[in-house]
There are 2 protein chains.
Amino acid sequence: MSAAEETPGGEDMPWGEVTPEAARRLLVAAVEAFAERGYHATTTRDIAGRAGMSPAALYIHYKTKEELLHRISRIGHDRALEILRAAADRDGTAAERLADAVRSFVRWHAERHTTARVVQYELDALGPEHRAEIVELRKQSDGAVRRIIDEGVEAGEFVVPDVPGTTVAVLSLCIDVSRWFNTQGRRSPDEVGALYADLVLRMVGVQK
Amino acid sequence: MSAAEETPGGEDMPWGEVTPEAARRLLVAAVEAFAERGYHATTTRDIAGRAGMSPAALYIHYKTKEELLHRISRIGHDRALEILRAAADRDGTAAERLADAVRSFVRWHAERHTTARVVQYELDALGPEHRAEIVELRKQSDGAVRRIIDEGVEAGEFVVPDVPGTTVAVLSLCIDVSRWFNTQGRRSPDEVGALYADLVLRMVGVQK
DNA sequence: TCGATCTCTAAGCGCTTGCTCACCCTCGTT
DNA sequence: AACGAGGGTGAGCAAGCGCTTAGAGATCGA
């Protein structure tokens with residue numbers, strides 16, 4: 001390891017920013033449990049057990065079970081928004097940027113589909129203030145995609161009669177990947193990403 | 001009422017086939033509660049309360065809480081499959097039939113989004129045998145859509161490099177409507193259906 | 001009029017839940 | 001050697017869970 005304070009696994013390790021290590025183990029265990037059985041069906045004993053700790057250990061690092069979900073949701077949404085913004089801010093035609101956004105967004109939802117499932121489908125389990133915070137992040141994701149489509153229409157690259165509606169459809173299509181994607185399935189995350197990028201370009205009227 | 005044995009509301013009333021009336025009231029209450037809070041977060045006391053009955057009354061009509069979910073899921077999936085098959089079996093070009101399938105399927109997911117949310121997103125809460133039964137119905141839905149796309153490709157109407165992948169994407173797009181659709185929102189079920197039918201025709205390469 | 005049948009309730013059982021508390025063990029520092 | 005701080009545990013509390021049971025009331029054919 002090059003830097004003294006670097007986290008094991010490097011900066012790109014998922015959950016690398018969560019410290020100390022016991023807190024990260026609990027969080028990873030919670031992601032798995034929430035993804036498998038849903039937030040409400042998961043017990044704090046199950047989470048602690050998966051992390052190899054006693055039920056009481058959870059409450060040293062997190063005030064409540066809901067705070068655990070919030071931390072997961074927050075980190076996941078930050079990452080999702082980062083991915084979309086990176087694609088939107090690139091150089092290139094609108095078609096290139098939209099394809100890039102869909103490809104990387106879908107790849108994330110497929111590769112990290114356990115995390116994504118929790119992030120995208122357990123929103124209602126959050127408390128009111130936490131939910132409001134996350135909803136705001138979602139609006140920004142919507143904005144990033146809409147911006148690309150708007151610019152494509154303006155540049156004459158896209159033919160889109162209903163930009164807000166198409167934006168919702170594109171995001172919805174990508175997000176739902178985390179529901180049906182299965183590691184045992186036939187397709188790799190890269191393949192699904194490529195397929196979806198092609199489908200979305202067709203949706204906005206790009207001719208090949 | 002014209003026929004002696006007719007159910008109030010007529011044949012097209014949702015849940016009209018569920019009798020007696022108390023059982024239907026409980027089922028409708030369960031749909032609302034499951035859609036709002038999720039299956040696991042919903043208590044049998046809450047369901048009975050919404051139906052204006054005591055907690056014990058639920059067990060006169062249903063053996064367990066899971067049986068209630070299964071009944072809802074079964075009826076909903078039957079209806080969804082019926083909609084897709086009706087469109088697939090119509091006369092007309094593949095494009096017309098695909099547009100019809102998407103339009104009516106999306107309209108159902110928007111109009112009855114509380115029901116659809118339970119039907120589409122609470123699959124994992126079912127027991128193993130019940131889940132297997134429902135998964136089989138889903139495969140048939142996939143088959144109905146795939147058939148239309150296959151025929152469109154064969155007839156030269158569609159240009160689709162990856163038929164199975166596109167089928168999954170089309171169904172996924174429609175199903176996810178039940179997650180984000182809101183009655184207070186700007187669009188009517190008809191409008192979303194029309195938008196989505198257009199987007200899907202673009203996905204399969206139909207030129208306008 | 002009488003019991004049979006069906007629907008529904010009040011009360012509550014056995015269990016699990018999220019979470020707490022008193023205490024212990026392992027440290028780095030003095 | 002003594003200490004304080006903080007991560008960890010075993011036991012368990014109050015509350016809420018799905019579900020059961022004994023019995024009340026309403027309805028109806030014989």
Side-chain angles (χ1 to χ4, degrees), chain A residues 4-5 7-8 15 18-34 36-73 118 122 124-131, chain B residues 4-5 7-8 15 18-34 36-73 118 122 124-131:
Chain A
E5 71 280 11
T7 311
W15 315 122
V18 181
T19 53
E21 195 243 348
R24 181 169 52 243
R25 256 168 45 221
L26 284 164
L27 192 134
V28 169
V31 169
E32 284 172 15
F34 291 162
E36 273 177 33
R37 314 148 70 101
Y39 174 80
H40 289 293
T42 300
T43 68
T44 54
R45 283 165 175 81
D46 182 22
I47 296 169
R50 285 176 194 244
M53 302 164 96
S54 79
L58 196 151
Y59 294 90
I60 294 163
H61 301 282
Y62 303 94
K63 276 219 310 262
T64 63
K65 179 178 152 187
E66 194 264 354
E67 188 193 310
L68 242 179
L69 176 62
H70 173 241
R71 283 274 254 278
I72 294 166
S73 198
V118 178
E122 299 288 355
D124 288 345
L126 290 169
E129 321 83 37
H130 285 161
R131 178 158 62 243
Chain B
E5 72 280 12
T7 311
W15 315 121
V18 182
T19 53
E21 195 244 348
R24 180 170 54 243
R25 255 166 46 219
L26 283 164
L27 192 134
V28 169
V31 169
E32 284 173 14
F34 291 162
E36 271 177 34
R37 312 150 69 101
Y39 173 79
H40 289 293
T42 299
T43 69
T44 53
R45 285 164 175 82
D46 182 22
I47 297 169
R50 284 176 195 244
M53 301 164 95
S54 80
L58 197 151
Y59 294 90
I60 293 161
H61 300 281
Y62 303 95
K63 276 220 307 266
T64 62
K65 179 179 151 187
E66 194 264 354
E67 189 193 310
L68 242 179
L69 176 62
H70 173 242
R71 283 273 253 279
I72 293 166
S73 198
V118 178
E122 297 289 355
D124 289 344
L126 290 169
E129 322 84 37
H130 285 161
R131 178 158 62 243

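To find a chain, count down the sequence lines: A is the first, B the second, and so on, and within it residues start at 1.
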Given the ring of A:Phe34, does A:Lys65 sit roughly above its face, with NZ or CZ under 6.0 Å from the centre of the six-membered ring and within 45° of the axis? no
Are A:Leu68 and A:Leu58 close enough that some pair of their side-chain heavy atoms sits under 4.5 Å apart? yes
Treating B:Arg71 as the side-chain partner and B:Leu27 as the backbone partner, does any N or O pair qualify as donor plus acceptor under 3.5 Å? no
Within residues 43-51 of chain A, those residues having any heavy atom closer than 4.0 Å to DNA chain D are A:Arg45
Could you list all the side chain to side chain donor-acceptor pair (under 3.5 Å) pairs where at least one residue sits in residues 46-63 of chain A, not counting sequence neighbours? A:Glu36-A:Arg50, A:Asp46-A:Arg50
Taking all atoms of both residues into account, what is the closest heavy-atom pair of A:Ala51 and A:Ala29, and its distance? N-CB, 4.0 Å
Nucleotides 22-27 of chain C: protein proximity per nucleotide (B base, S sugar-phosphate only, - neither; heavy atom, under 4.0 Å): ------
Could you go step by step and tell me if B:Asp124 and B:Arg131 meet the side chain to side chain contact (heavy atoms under 4.5 Å, CB included) rule? CA-CA 7 Å; B:Asp124 289 344; B:Arg131 178 158 62 243; 4.2 Å; yes
Rounded off to whole Å, could you give me the CD-to-P distance for the B:Glu21 and C:dC6 pair? 19 Å
Within residues 55-69 of chain A, those residues having any heavy atom closer than 4.0 Å to DNA chain C are A:Ala56, A:Tyr59, A:Thr64, A:Lys65
Please check: side-chain N/O of B:Ser73 versus main-chain N/O of B:Leu69, any donor-acceptor pairing under 3.5 Å? no
Taking only residues two or more places apart in sequence or in another chain, which ones pass side-chain hydrogen bond (donor to acceptor under 3.5 Å, both in side chains) with B:Glu21? B:Arg25
Can you see which heavy atom on A:Ile72 is nearest to which on A:Val118, and at what distance? CG2-CG1, 4.0 Å
To the nearest Å, give me how far apart CG (A:Leu26) and P (C:dC19) are. 14 Å
Would you please name every residue forming a side chain to side chain contact (heavy atoms under 4.5 Å, CB included) with A:Arg45, sequence neighbours left out? A:Thr43, A:Pro55
Main-chain N/O of B:Glu66 paired with B:Tyr39 side-chain donor or acceptor, under 3.5 Å: yes
Of all nucleotides in DNA chain D with an atom under 4.0 Å from a non-hydrogen atom of chain B, which is the first and which the last going 5' to 3'? D:dC17 to D:dT21
Output all residues satisfying side chain to side chain contact (heavy atoms under 4.5 Å, CB included) with A:His40, sequence neighbours left out; order by chain, then residue number. A:Ala125, B:His40, B:Ala41
Heavy-atom side-chain proximity of B:Leu26 to B:Met53 below 4.5 angstrom: yes
